[in-house]
Amino acid sequence: NTDYDHRALGRDLDVFSWDAYPLGNLIHGRLAEAEKAKYLRTGDPDQPGFNNDLYRGLGRGRFWIMEQQPGPVNWAAQNQAPADGMVRLWTWLAYAQGCEMVSYFRWRQAPFAQEQFHTGLMLPDDTPDQAHTEVAQVAAERALLPPLPRRERAPVALVLDYPSRWALETLPQGANFRPAHHALDWYSALRRQGVDVDIIGQEDDLNGYRLIVAPDLIIPTEDFVTRLMASGARALFGPRSGSKTADMHIPDGLPPGPLRRLIDMQVVRVESLPDWHAETALVGNTAITARRWRETIRSAQQVIGHFAGDYRGGAPALIGNDRARYLATLPAPEGLRAIIGDALDWAGVAALPDLGDLRITRRGGLTFAFNFGPDATEAPAPADARFLIGTRRIAPADLAIWA
């Protein structure tokens, strides 16, 4: 929810919190129907992780989950049950990403009023439901781990800027331009390659990051650009970056406005495209499907990828220099993973081959792996890994933790 600026609201708060309802967010979320069917009972693998990382950053390292979904709820268009094991998985995921406390809504399923279909840890007759068993299991497993410090700074930061989101909602220029979905796509591309991510604002400290990605930084500030240039981090910007001033005007000298200090270019034309149309971009030897948005760029910077096809074939799709890159379209997920994977290599960030349905994260010398998929999978653990919870073979809706 970006209806208000969480950072401005929370400057005097001690801790941030959010309500985790992964299955309702799947039904109303970004994934295609085939993927929603695949993850029907586990949820989008990256939606809860994105919010965990967002609220950890908003809380300056501290966040809670005030309401964790314990079973079927009552408010989505459809209200399916989570797979057995998912309440435990979501709880451990939050802990791995730095959460201090997970609270479950609710303790007992109400036998009356409009929320009586919303499950709890206990049934209406005061007998334990499935989630009660899983929470008890988490409590027992927690004793198997040493005390862990707060989450360390990640090697990659993703910029979420609230005024930029408001600008996009005001002038979307395409009914299918959904910045919240695009940011989650970028986050997913990083997480599927085993990379931990911090979600930051423009005013946050940039030092220590190797790569900063900005899917939709429409209104960059001069101060942010100055500090980014001084930080030593490399940066990847998505389409429409720098395309508006704080007064919602096209910047002098054309977009990307202040970002031209980082990458010398101009955007001279933009177009939104229907979902039934796709463009092709060639990035190296890889053909990338481009969709929904395309820009025409004028620049003498290195062309890393270009559009192919009848309309302006050869025009730049991805350009860059030794510090910054600019992407002029919205690639399909496979292409976005390739582009971000190359950016990780360019920035010197260690990554893994595509993890598919598995997500891993690190905290205090431990690695946590979570299987959101329908099939068992192998943990990407070294041969000498010591498993504290689980084993190298991770079943569906299960997890493993190793040192």
Side-chain angles (χ1 to χ4, degrees), residues 1-25 29 43-70 73 86-106 131 134-135 138-139 141-142 145-162 165 180 183-184 186-188 190-191 195-206 208-209 212-213 359-368 370 372 399 401:
N1 182 344
T2 53
D3 289 347
Y4 62 94
D5 187 330
H6 296 71
R7 292 186 178 90
L9 174 73
R11 289 192 182 106
D12 61 347
L13 296 182
D14 295 320
V15 62
F16 262 79
S17 67
W18 73 285
D19 296 343
Y21 288 93
L23 298 191
N25 281 296
D44 183 333
D46 296 300
Q47 184 270 333
F50 183 98
N51 278 348
N52 289 339
D53 285 335
L54 171 62
Y55 284 88
R56 184 182 68 250
L58 293 170
R60 298 170 294 281
R62 300 191 63 195
F63 81 99
W64 298 351
I65 291 179
M66 293 301 290
E67 297 185 18
Q68 172 61 66
Q69 175 175 4
V73 296
M86 284 308 299
V87 175
R88 169 179 173 256
L89 186 153
W90 292 323
T91 303
W92 272 117
L93 176 69
Y95 181 73
Q97 293 185 282
C99 186
E100 295 180 342
M101 186 275 285
V102 177
S103 177
Y104 304 86
F105 189 84
R106 61 184 70 230
E134 295 183 28
V135 173
V138 171
E141 290 171 332
R142 179 63 189 84
L145 302 188
L148 296 182
R150 288 190 182 187
R151 269 279 296 261
E152 304 83 6
R153 174 161 293 210
V156 176
L158 184 149
V159 180
L160 192 160
D161 180 64
Y162 289 86
R165 285 288 179 87
L184 193 47
W186 282 51
Y187 177 86
S188 179
L190 290 161
R191 299 291 292 124
V195 176
D196 285 319
V197 179
D198 291 338
I199 299 177
I200 65 171
Q202 291 197 72
E203 66 274 24
D204 289 331
D205 180 16
L206 306 179
Y209 292 115
I212 294 174
V213 300
R359 295 294 180 272
I360 68 169
T361 193
R362 303 158 189 88
R363 181 178 176 184
L366 301 185
T367 300
F368 299 69
F370 305 91
F372 287 84
L399 62 109
I401 307 172

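Under the side chain to side chain donor-acceptor pair (under 3.5 Å) criterion, Glu141 pairs with Arg88, Trp92, Gln137, sequence neighbours left out. Checked against side chain to side chain donor-acceptor pair (under 3.5 Å), Arg363 has no partners two or more places apart in sequence or in another chain. In this structure Arg142 satisfies the side chain to side chain donor-acceptor pair (under 3.5 Å) test together with Tyr95, sequence neighbours excluded. Residues meeting the side chain to side chain donor-acceptor pair (under 3.5 Å) test with Thr361, sequence neighbours left out: Arg151, Asp196. Under the side-chain contact (heavy atoms from CB on, under 4.5 Å) criterion, Met66 pairs with Ser17, Asp19, Trp64, Met101, not counting sequence neighbours.
Of the possible polar contacts, none joining the Gln47 side chain to the Pro22 backbone as a donor-acceptor pair under 3.5 Å is found. A donor-acceptor pair under 3.5 Å is formed between the side chain of Glu152 and the backbone N or O of Gly364. Of the possible donor and acceptor atoms, none in the side chain of Asp204 sits under 3.5 Å from a partner among the backbone N and O of Ile200. Judged purely by atom type and a 3.5 angstrom limit, Gln97 uses its side chain to pair as donor or acceptor with the backbone of Gly49. Looking at Ser188, its side chain never comes within 3.5 Å of a backbone N or O of Leu184 through a donor-acceptor pair. Listed for the Arg191 side chain is no donor-acceptor partner under 3.5 Å among the backbone atoms of Val197.
Sorted by first and then second residue, the salt bridge (Lys or Arg N to Asp or Glu O under 4.0 Å) pairs involving residues 56-70 (not counting sequence neighbours) are Asp53-Arg56, Arg56-Asp198, Arg62-Glu100.
By the 30° and 60° cut-offs, the orientation of the rings of Tyr187 relative to Phe50 is perpendicular.
The distance from atom CG of Leu399 to atom CZ of Phe370, rounded to the nearest 0.5 Å, is 5.5 Å.
Here the closest heavy-atom approach between residue Tyr55 and residue His6 is recorded as OH-NE2, 3.4 Å.
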Practice problem: Assess whether side chain to side chain contact (heavy atoms under 4.5 Å, CB included) is satisfied between Asn52 and Leu93, documenting all intermediate values. | Solution: CA-CA 9 Å; Asn52 289 339; Leu93 176 69; 4.0 Å; yes
